[in-house]
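Down below is the structure, laid out as structure tokens.
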Protein chains: 2
Amino acid sequence: MEYTVAMREAKAVINVKSLKEQVYEYLRQQFQKHRLQPGTMINMESTAKKLGISKTPLRDALLQLEIEGFVTISPRRGIFVSSLPLHEVKEFYQVIGALENSALLESYPKLGAVGIKKMDTLNRQMQKAIERNDFDLFYEKNLLFHNCFIDPCGNKNLSRIIGNLKKRLYDFPRQRQWIKEWEESSIREHQEIVDFLAAADPAAAALFLRDVHWSYEVQEKYIRKYYEPSERKGV
Amino acid sequence: MEYTVAMREAKAVINVKSLKEQVYEYLRQQFQKHRLQPGTMINMESTAKKLGISKTPLRDALLQLEIEGFVTISPRRGIFVSSLPLHEVKEFYQVIGALENSALLESYPKLGAVGIKKMDTLNRQMQKAIERNDFDLFYEKNLLFHNCFIDPCGNKNLSRIIGNLKKRLYDFPRQRQWIKEWEESSIREHQEIVDFLAAADPAAAALFLRDVHWSYEVQEKYIRKYYEPSERKGV
DNA sequence: CTATCATACCTGATATATCAGATATCAGTT
DNA sequence: AACTGATATCTGATATATCAGGTATGATAG
């Protein structure tokens with residue numbers, strides 16, 4: 001596990017965040033940067049020493065990460081980075097599909113032409129990102145596309161639940177090669193959704209979102225390619 | 001805050017649960033028994049002393065309860081029992097409605113006549129519980145009714161999300177008087193769902209479940225009576 | 001009387017020490 | 001060689017001490 005000195009330097013300014021929060025965010029970044037691979041062990045003693053803090057806030061952060069599913073704490077044996085098995089990907093797809101379907105139906109009266117246009121614009125930006133092989137930008141715009149109808153829903157709990165599930169979906173497997181075909185398929189699906197909305201048919205859009213875009217069965221060949229633990233490439 | 005000696009006596013047998021887990025469950029029971037009212041402060045020093053443990057496992061348990069929404073930790077100021085405002089009840093209703101709708105559609109092929117009969121039976125038991133003014137039994141059967149189509153779905157994450165939201169819905173306001181009219185209305189709605197399923201129309205059942213049974217707007221007059229902080233009765 | 005500053009107190013956050021269960025290793029017996 | 005028990009080590013869990021931010025109270029100046 002590699003560390004930066006960012007954690008220590010942060011102590012030089014007025015901290016408005018508790019150590020626990022800082023450690024939590026640091027560890028979340030480690031997940032995003034794929035420095036924490038599924039199965040690897042996080043040693044509290046050495047980690048706390050390297051971060052220059054006591055074990056207490058580290059433990060606090062790890063307890064939160066356990067509740068969120070990122071790590072598994074085996075008492076007195078070790079703390080391990082969780083894996084993301086396919087059946088759990090499937091469960092996440094079902095939950096997100098149901099909730100985004102509901103969010104879109106709820107948001108539709110508030111979207112208007114401006115909101116639909118924004119979704120269209122974001123989808124075009126996703127297309128451009130693919131052409132430039134800029135997959136980080138693709139995913140950023142992808143999240144923003146979905147947030148166009150999640151945020152106006154105004155349901156913080158719904159947003160929180162979806163957000164947590166997406167963190168797990170997107171952080172864990174990103175060491176894998178992007179599947180360009182999947183990204184292009186996503187863009188076409190987004191366009192279908194936009195077209196339904198532009199044609200004033202939110203019910204069709206919400207159904208397509210749930211039963212195609214967030215359907216494990218429809219997306220299965222891509223999901224397997226992306227999440228299945230076979231012939232790992234070296235990082 | 002009152003305590004039993006159950007926590008201390010538990011130390012006399014072989015503990016397979018960590019202190020943190022035991023404290024967590026103890027505090028959850030306090031919520032269920034309405035010993036912890038919204039707004040009240042939980043003092044860590046005195047609580048730990050009364051439980052006969054150090055502050056560390058108590059803090060661990062409280063961190064989990066905060067993530068689950070039961071308490072709010074104001075750093076260095078105090079830990080307070082959360083309230084459940086109406087807008088959050090509304091958010092929970094939307095999330096649960098969307099997820100149970102999805103679960104019912106997924107479970108239907110596995111339900112069969114046996115599963116539908118079981119739901120019918122549980123609903124009749126709910127009716128009997130109302131006639132006997134046994135509201136604890138009513139709620140137990142109510143949860144089991146819904147679990148008839150949540151469990152066969154086999155989606156642990158979906159169950160966990162719904163379960164956590166229901167804990168908040170059911171634990172917080174139970175000091176209030178039962179609304180018999182609402183319970184009887186719920187039983188009629190359950191019967192509608194059972195009838196749709198018996199008529200091999202899962203889509204209608206799932207829609208009714210989401211858009212009537214878990215509709216905040218439809219249930220609003222009962223929800224307000226039950227959750228609105230007006231003319232509190234002494235405990 | 002009001003405003004400002006200093007001090008005391010309260011509370012959760014963090015650091016450090018110790019404990020306790022799980023696992024690995026070693027020694028003795030059959 | 002296989003089995004059993006003892007011991008050592010590892011690791012997270014817990015206990016205790018101390019810290020640090022927030023609030024209340026008292027003293028002083030204008």
Side-chain angles (χ1 to χ4, degrees), chain A residues 1 3 6-27 30 36 39-82, chain B residues 1 3 6-27 30 36 39-82:
Chain A
M1 219 163 59
Y3 301 98
M7 285 291 301
R8 292 203 187 85
E9 286 174 349
K11 287 191 172 181
V13 298
I14 298 180
N15 279 331
V16 295
K17 294 188 177 182
S18 66
L19 278 187
K20 175 239 175 173
E21 283 174 40
Q22 292 178 57
V23 175
Y24 172 80
E25 283 165 11
Y26 168 78
L27 290 173
Q30 296 305 299
L36 296 176
T40 60
M41 179 171 146
I42 300 172
N43 182 291
M44 277 182 58
E45 193 83 48
S46 61
T47 304
K49 187 172 299 184
K50 288 191 176 181
L51 294 180
I53 59 172
S54 77
K55 291 190 295 186
T56 313
L58 174 61
R59 176 174 170 77
D60 287 352
L62 286 166
L63 282 171
Q64 182 172 346
L65 285 167
E66 186 185 37
I67 290 170
E68 294 175 358
F70 283 89
V71 302
T72 302
I73 301 176
S74 294
R76 296 178 163 92
R77 293 166 67 186
I79 299 169
F80 300 92
V81 177
S82 304
Chain B
M1 227 173 41
Y3 301 95
M7 284 294 298
R8 292 203 188 85
E9 285 174 350
K11 287 189 172 183
V13 297
I14 299 180
N15 279 330
V16 294
K17 293 189 179 181
S18 66
L19 279 187
K20 176 238 177 176
E21 284 175 38
Q22 291 178 57
V23 175
Y24 172 80
E25 284 165 12
Y26 168 78
L27 291 172
Q30 297 304 300
L36 296 176
T40 59
M41 179 172 149
I42 299 172
N43 182 290
M44 277 183 55
E45 193 83 50
S46 62
T47 305
K49 185 172 300 183
K50 289 192 174 178
L51 294 178
I53 58 171
S54 77
K55 290 191 294 184
T56 312
L58 173 61
R59 176 175 171 77
D60 287 353
L62 286 167
L63 283 172
Q64 182 170 348
L65 284 168
E66 187 187 34
I67 290 169
E68 293 175 358
F70 283 89
V71 301
T72 302
I73 301 177
S74 295
R76 296 179 161 91
R77 293 166 66 183
I79 299 168
F80 300 93
V81 177
S82 304

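By convention in this document, chain letters (A, B, ...) are assigned in the order of the sequence lines, proteins followed by strands, and residues within each chain are numbered from 1. Since the model is a prediction, treat every value here as computed from it, not as a measurement.
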For nucleotides 17-20 of chain C, print each protein N/O atom paired with a nucleotide N/O atom at under 3.5 Å, atom names and distance only.
| unit_1 | atom_1 | unit_2 | atom_2 | d |
| --- | --- | --- | --- | --- |
| C:dA20 | O4' | A:Arg76 | NH2 | 3.4 |
| C:dA20 | N3 | A:Arg76 | NE | 3.1 |

Atom [atom1] of [X] to atom [atom2] of [N]: distance rounded to whole Å?
X	N	atom1	atom2	value
A:Ile73	C:dA22	CD1	P	16 Å
A:Asp60	C:dT14	CG	C1'	9 Å
A:Leu51	C:dA15	CG	C1'	15 Å

[X] vs [N]: side-chain N/O to OP1/OP2 distance below 4.0 Å:
X	N	value
B:Asn43	C:dT11	yes
B:Thr56	D:dT14	no
B:Ser54	D:dA15	yes

Residue pairs passing the ring-ring contact (aromatic ring centres under 6.0 Å, His included) test where at least one lies in residues 42-62 of chain A, sequence neighbours excluded:
none

Shortest side-chain distance from [X], nucleotide among [options]:
X	options	answer
B:Pro57	D:dT14, D:dG22, C:dA22	D:dT14
B:Leu19	C:dT11, D:dG12, D:dT14	D:dT14
A:Ile53	D:dT23, C:dT14, C:dA15	C:dA15

Specify the residue among A:Pro75 and B:Leu63 whose closest nucleotide of DNA chain C lies further upstream toward the 5′ end.
B:Leu63

To the nearest 0.5 angstrom, please state how far the OG atom of A:Ser46 sits from the CE atom of A:Met41.
7.5 Å

NZ of A:Lys20 to CD1 of B:Ile73: how many Å apart, nearest 0.5 Å?
7.0 Å

Set of residues satisfying side chain to side chain donor-acceptor pair (under 3.5 Å) with respect to A:Thr56, sequence neighbours excluded:
none

Do B:Gln64 and A:Leu63 have side-chain heavy atoms sitting under 4.5 Å apart?
no

Shortest non-hydrogen separation from A:Val71 to A:Leu62 and the atoms involved
CG2-O, 3.7 Å

